[in-house]
There are 2 protein chains.
Amino acid sequence: MVEITRKQREIQQRTQEILRVAKPILIAEGLQALTMDRVASHMQYAKGTIYNHFPNKEEIVLELAIEAMKLRHKLFDAGASGDRPARMRLMTIGVACEFYTQRCSEEFQVEQWMRNANIWDKSSSERQVIIRQCEAGCMQVVARLVRESLEQGDLPALDHLSPEEMVFGLWAITFGSQILTASSPSLEALGVFDPIRAIRIHCCRLLNGFGWQPILDEHQYLKLVENIAAEYFPRFEQIQREHR
Amino acid sequence: MVEITRKQREIQQRTQEILRVAKPILIAEGLQALTMDRVASHMQYAKGTIYNHFPNKEEIVLELAIEAMKLRHKLFDAGASGDRPARMRLMTIGVACEFYTQRCSEEFQVEQWMRNANIWDKSSSERQVIIRQCEAGCMQVVARLVRESLEQGDLPALDHLSPEEMVFGLWAITFGSQILTASSPSLEALGVFDPIRAIRIHCCRLLNGFGWQPILDEHQYLKLVENIAAEYFPRFEQIQREHR
DNA sequence: GTCAATTATTGACGGAGCGTCAAAAATTTC
DNA sequence: GAAATTTTTGACGCTCCGTCAATAATTGAC
């Protein structure tokens, strides 16, 4: 049923090519450097042709963001798999977040652009929905761990909190710290010298505060995170490579 | 020494008038609606006159952000004062944050715009420095509470964390949740029904996880936050009114 | 193999906002 | 009240956006 002519295939490939051209411009020079004229001339096409693929540059950014969030989702899935206790798999997802921010910094940056109100508001609701679905997917991966722990008794019942609201706190602290780190070049001047370690410790204390077993003291916890990072970073790199 | 002619006073007042005109445009219609032409025609001045006050519209936004952050700083100061235990004054600052987000929503929005890379990168380093100072001021208000608690023994020593890094975690979770709430209209669809209460609980658990006295269970904590809110909201409203 | 129909590409164009700057107007100084 | 200084003005050149009529390429029927 799905016949694809050579020409149609060429057009699909050009959509990919546009994304490949646009991404480094956005990453290196920001949104205002990313113009349709520039993408067109860079590819030796007329501007109108680019407009056949994307109705505006914001949609290009959102398409890049969709790719980025799919990669994030894969990393989360990889972190949540395995048969260790749920709290440790949760820690692995934390490590996946660190990996994503550090080693997939382009994708991380693209996600920031996506949250930019200018961009979000100008792009189509179709792509917005896809983004929301990716977001929900990541949320579900973590919420499943919470549910599992509640069932198994590792995590005492949450009186006033849904499992998703439990995840929301972790999401907020992780996300918040990453935004602050990215947008406050002067964290050191504020007295924050190692934000990554700081957030690791806060997550440990937070989960301890919820009584999530196994309870770990700070020292054990930091050691364990290092081990998980050493073990999982190669797997994450593999996933990153495959995500072409 | 500081002689001010009538004309100079008029010019200073006009700077204020520009801010008063620009703010509702930014709040109601966003950044791209805020144009120098529009501000000028709205005030019945030529565009060049506006450019005598601000070299670009981004600077207008940053100036609004400076006003906003000064208000935030005042609220923090008010929350940190008094002679109750430090942990409770910290909770009061949390309530001040909630007040700011809910009741000073315009200022809160302006702060979001300020973090927009387009705006930040185009504005002068003078204003950027002032913003950083406000940020540092707020940080210091909270960090002082941490130091005080460490000295008094309410808070066990932090092995791997500076007091500012302790604050960083609270900042991250508060800030992160507010951004997520503001930029994810679909939190309910994700299973997050009451993000404000959720973050209150997370803060309680986090501080409990650090062993910060007095330890409170969730129920006591939520009750106490309500009481603090009822007591302090009127004071905060007073500060808001005075902050013209 | 030809030609008409369909589809894709092109780039000039109108519109909008930015920031500038020489000329005009207002104000201050002497 | 005239010269010097300061302030205001708005037209201008620039860049980018998104459109669309004209042109070119492709397809498919015969």
Side-chain angles (χ1 to χ4, degrees), chain A residues 2-18 21-22 25-26 28-63 113 116-124 126-127, chain B residues 1-18 21-22 25-26 28-63 113 116-127:
Chain A
V2 190
E3 289 292 317
I4 300 176
T5 67
R6 179 182 61 79
K7 185 71 192 173
Q8 284 173 319
R9 204 166 47 246
E10 273 177 29
I11 291 176
Q12 284 182 7
Q13 284 172 353
R14 196 163 52 213
T15 300
Q16 289 308 309
E17 208 189 332
I18 290 171
V21 166
I25 296 176
L26 179 68
E29 299 177 64
L31 183 67
Q32 117 273 46
L34 179 62
T35 69
M36 292 303 230
D37 285 289
R38 188 163 165 190
V39 170
S41 80
H42 199 295
M43 293 175 66
Q44 317 249 55
Y45 281 106
K47 186 166 47 163
T49 303
I50 311 299
Y51 274 96
N52 282 347
H53 293 266
F54 296 98
N56 53 53
K57 66 176 178 175
E58 286 76 12
E59 294 276 333
I60 297 180
V61 178
L62 236 66
E63 189 61 36
W113 282 114
N116 188 96
N118 298 315
I119 294 177
W120 185 261
D121 294 343
K122 273 189 104 177
S123 58
S124 68
E126 286 76 21
R127 285 204 169 82
Chain B
M1 279 300 89
V2 189
E3 290 292 318
I4 299 179
T5 69
R6 178 183 62 76
K7 185 69 191 175
Q8 286 174 318
R9 204 166 47 248
E10 273 177 29
I11 291 176
Q12 283 181 8
Q13 284 172 352
R14 198 163 50 213
T15 300
Q16 289 307 309
E17 208 188 329
I18 290 171
V21 166
I25 297 177
L26 179 67
E29 299 176 65
L31 182 67
Q32 117 274 49
L34 179 61
T35 70
M36 293 303 233
D37 285 288
R38 188 163 167 191
V39 171
S41 80
H42 200 294
M43 294 175 65
Q44 317 246 56
Y45 281 107
K47 187 165 48 160
T49 303
I50 311 300
Y51 275 95
N52 282 347
H53 293 266
F54 295 97
N56 52 55
K57 67 175 176 174
E58 285 77 12
E59 294 275 331
I60 297 179
V61 178
L62 236 65
E63 189 61 37
W113 283 114
N116 188 95
N118 299 314
I119 295 176
W120 185 263
D121 294 342
K122 272 188 106 178
S123 58
S124 69
S125 57
E126 287 76 22
R127 284 203 169 83

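The shown structure was predicted, so the numbers you read here are calculated from the model rather than taken from an experiment. Atom set for the values below is all heavy atoms of this structure, side chains included, hydrogens, waters and symmetry mates excluded. Convention: sequence-line order gives letters A, B, ...; per-chain numbering from 1.
The listed nucleotides are C:dT10, D:dC17, C:dG19; the one nearest the side chain of A:Lys122 is D:dC17.
Here D:dC16 presents its C1' atom at 14 Å from CD1 of A:Ile60, a figure rounded to the nearest Å. The separation between B:Met36 atom CE and D:dC12 atom P is 21 Å, rounded to whole Å. Separating the CD1 atom of A:Ile50 from the P atom of C:dT10 is a distance of 9 Å, rounded to the nearest angstrom. Between the CG atom of B:Asn118 and the P atom of C:dC18 there is a distance of 13 Å, given to the nearest Å. In this structure, CD of A:Glu10 is placed 11 Å from C1' of D:dT26, rounded to the nearest angstrom. Distance B:Glu17 CD to D:dT8 C1': 15 Å, rounded to the nearest Å. As rounded to whole Å, 14 Å separates atom C1' of D:dA11 from atom OH of B:Tyr51. One atom, CZ of B:Arg38, and another, P of C:dG15, lie 20 Å apart when rounded to the nearest Å.
Of the possible polar contacts, none joining the B:Lys122 side chain to the B:Asn56 backbone as a donor-acceptor pair under 3.5 Å is found. With hydrogens and angles ignored, the 3.5 Å screen pairs no side-chain donor or acceptor of B:Asp37 with any backbone N or O of B:Ala40.
When each of A:Glu58 and B:Lys47 is assigned the nucleotide of DNA chain D with its nearest heavy atom, B:Lys47 is the one assigned upstream, toward the 5' end.
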Stepwise side-chain contact (heavy atoms from CB on, under 4.5 Å) test for A:Trp120 and A:Leu62: CA-CA 8 Å; A:Trp120 185 261; A:Leu62 236 66; 4.2 Å; yes
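Applying the 4.0 Å criterion to OP1 and OP2 of D:dT8, one finds that B:Asn52 has a side-chain N or O inside that range. Between A:Thr35 and D:dC16 there is no side-chain polar atom (N or O) within less than 4.0 angstrom of OP1 or OP2.
If you check every strand for non-hydrogen atoms under 4.0 Å, B:Arg14 touches sugar and phosphate atoms only.
Expressed to the nearest 0.5 Å, how far CD of B:Glu10 lies from CD of B:Gln13 amounts to 7.5 Å.
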